[in-house]
Each structure stands twice: as C-alpha cells, then as structure tokens.
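Input: a single structure, listed below in structure tokens.
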Amino acid sequence: MWCELGFDSVFVVTSTQGLQIFDADAYHCIFTHPCKDTSAVQGGTFSRGIANIFSNYICVGNSGGCLRVFGAIDETSEVTFIDRKAVHQSAITDISCCDQYLASADSNGDIFYWEFTDEQLISLSQIKSYGFCCINIKLTSDWLVAGYGSGHIRLFDLKKTSRDSTQFSLLVEIAAHAKWISGLDVSLNLQYILTVSEDSFAKVWAIEKRNDFYVRILFSVIILLLLCLTETMLIFNRIEA
C-alpha cells in the first residue's frame, strides 16, 4: 500500500515478516518491525491491515489482535514507534481511517472505533460480532461499511454522543454474496460500493438517500479466475461516477 509518511511517499507491506516500509521506488527497505507480541505462537504470526493517518503516521495490525502506530514526526522522515494497543481478542483483518478516526476489524467479527490524538489511539466505541469474520471495512466521515465472511455487507451510521463517545446504528444489511467477501471499496463520492467475493462475483452497489437510506445493486459480473484462488487478497482502485 502506498502511504505518505512525513515528506515522502513510501510503499508499506505487511506479511509474516511483520512490517516493511520501502522508499518511493519500492526498492530499498528503509524500516522493518516484527510486530510480534511476547505471547505470540512461534511460526504462526503475521501482520495485516494498514492505515495512513494524516500524512505522518501508519497504523498496522497483527495476528495477536494488537495495533501499532509508527510515525515520522520531523523533517528527517526517520520512522519511529509511537503507540501500541491490545484490545482485539483475535487477529486483525483490516484497518481503515478517516481524518483522525480509525476503525479496526478482527477475525471474530468485532470492530473497534478509535480516535488518534496526542500520538495515541483512544478507543471510542465497539461494534460487536455478528457471528462471522469481518474481513473488510471502509470508514467515512458519516458511516462505516463492513464486509463479512457470511457474504453480508453492513452499513453503520456514526452518531457522536459526546467528544469521547460514539454510537453505531445499523443502517442497511445486505445478503450480497454466497461466500466470503474478499475485497471491498467505496467510491470517492461515497455513492458506490464495490465488492468481490469467493463466489466469483464482482458487484457494484449504489447508495441512495431519499426518505430512507438504502442500497441497490447496480452491476454484477462473474470472474471465473476467482474460482482458482484459495485465498484472495484484493485491493481496488477507487471507483468514481
């Protein structure tokens, strides 16, 4: 994933090797971190989930359910460790941010909502599991979109009850796919959702706000190549109207 870190563009990779940050040419590795916890099982750890907070910080998750924040806080662009939070009870599956706010999902299906302030993550709210792994999340200023292993898409409304408290209400629940949703993205104008699933379908959904908030399918296509994949990790280009 390409991120802005300090005054530079960097290429960020998470894997079983932990976190690796490469230079703008994606050739030289300028920073590494194992992102392992002391209680981690030998040989079974990995890092997953990347969020670029503002242009100075990168947040990554790991298989132990921990979030770590790294940053470049001066003109030297030297990467340093900033913060660590261990709230999730299972492996992080995805992270998404909007301004200073961040959402993180895990394999149990739980989603936590954070604010990054004074160089630390502050937990504001939680969306409890619906019984399936939450694979993908996208956070906007007004709502959060989540894709699940059950094939469902759920849209949650963000209601800030106070500066330190936020409540989520379920706006729309869609039985979108027959199998796991392996990729999800939202258009820049917040009017469309793109999903890809292990059922081999890619679908575009239109978000419409009239008297009620609802979502309708706009486009669907079968991608036979997905039938050959045992594990799919897809990143989409932003879609626009």
Salt bridge (charged side-chain N to carboxylate O under 4.0 Å, His left out) filter on D83, not counting sequence neighbours, yields K85

Which pair of heavy atoms, one from L184 and one from V145, lies closest together, and at what distance? CD1-CG1, 3.9 Å

Using modelled atom types and a 3.5 Å cut-off, is there a donor and acceptor pairing between side-chain atoms of Q89 and backbone atoms of V87? yes

Assign the ring pair Y101 / Y113 to parallel, tilted or perpendicular, where the plane angle (0 to 90°) is split at 30° and 60°. parallel

Proximity of Y57 and F116 rings by center, below 6.0 Å: yes

d(E119 CD, T117 OG1) to nearest 0.5 Å is 10.0 Å

Tell me if a side-chain donor or acceptor on N52 pairs with a main-chain N or O of E4 at a distance below 3.5 Å. yes

Test log, rule ring pair (Phe, Tyr, Trp, His ring centres under 6.0 Å), inputs F156 and W143: CA-CA 5 Å; F156 299 94; W143 36 265; over 10 Å; no

Sort out for me which residue in N62, D106, T93 forms a side chain to side chain donor-acceptor pair (under 3.5 Å) with H88. D106

Let me confirm one number: the NZ-OG distance from K36 to S47, rounded to the nearest 0.5 Å. 9.5 Å

Quick check for you: to the nearest 0.5 Å, what is the distance between F132 atom CZ and Y148 atom OH? 11.5 Å

Charged N-O contact under 4.0 Å between D37 and R84: yes

Looking only at heavy atoms, which two atoms of W2 and A26 are closest? And how far apart? CH2-CB, 4.0 Å

Backbone N/O of N108 and side chain of S90: donor-acceptor pair under 3.5 Å: yes

Looking only at atom types and distance, does a side-chain atom of S182 sit under 3.5 Å from a main-chain N or O of V196, one as donor and one as acceptor? yes

K179 backbone acceptor or donor facing H177 side chain under 3.5 Å: no

Is it true that T195 and W205 share a donor-acceptor pair across their side chains at a distance under 3.5 Å? yes

Centroid-centroid under 6.0 Å between F70 and H33 rings: yes

As a quick check of understanding, evaluate side chain to side chain contact (heavy atoms under 4.5 Å, CB included) for I217 and K203, giving each step before the final call. CA-CA 7 Å; I217 188 166; K203 299 182 180 182; 3.8 Å; yes

Just checking, is any N or O donor in the side chain of D199 or S197 under 3.5 Å from an acceptor N or O on the other one? yes

Give, for atom CG of L155 and atom CG of D142, the distance between the pair rounded to the nearest 0.5 Å. 11.5 Å

Can a donor-acceptor pair be found, under 3.5 Å and without considering hydrogens, that links the side chain of D110 to the backbone of S129? yes

To the nearest 0.5 Å, how far apart are CD1 in I92 and OG in S107? 8.5 Å

Exactly one of L102, I137, I58, L139 clears side chain to side chain contact (heavy atoms under 4.5 Å, CB included) with I95, and that residue is L102

Taking I30 as the starting point, is it possible to reach V12 by hopping between hydrophobic residues whose side chains are less than 4.5 Å apart? yes

Where the side chain of D25 meets the backbone of Y27, is there a donor-acceptor pair that is under 3.5 Å apart? no

What distance separates L121 CG from I82 CD1, expressed to the nearest 0.5 Å? 10.5 Å

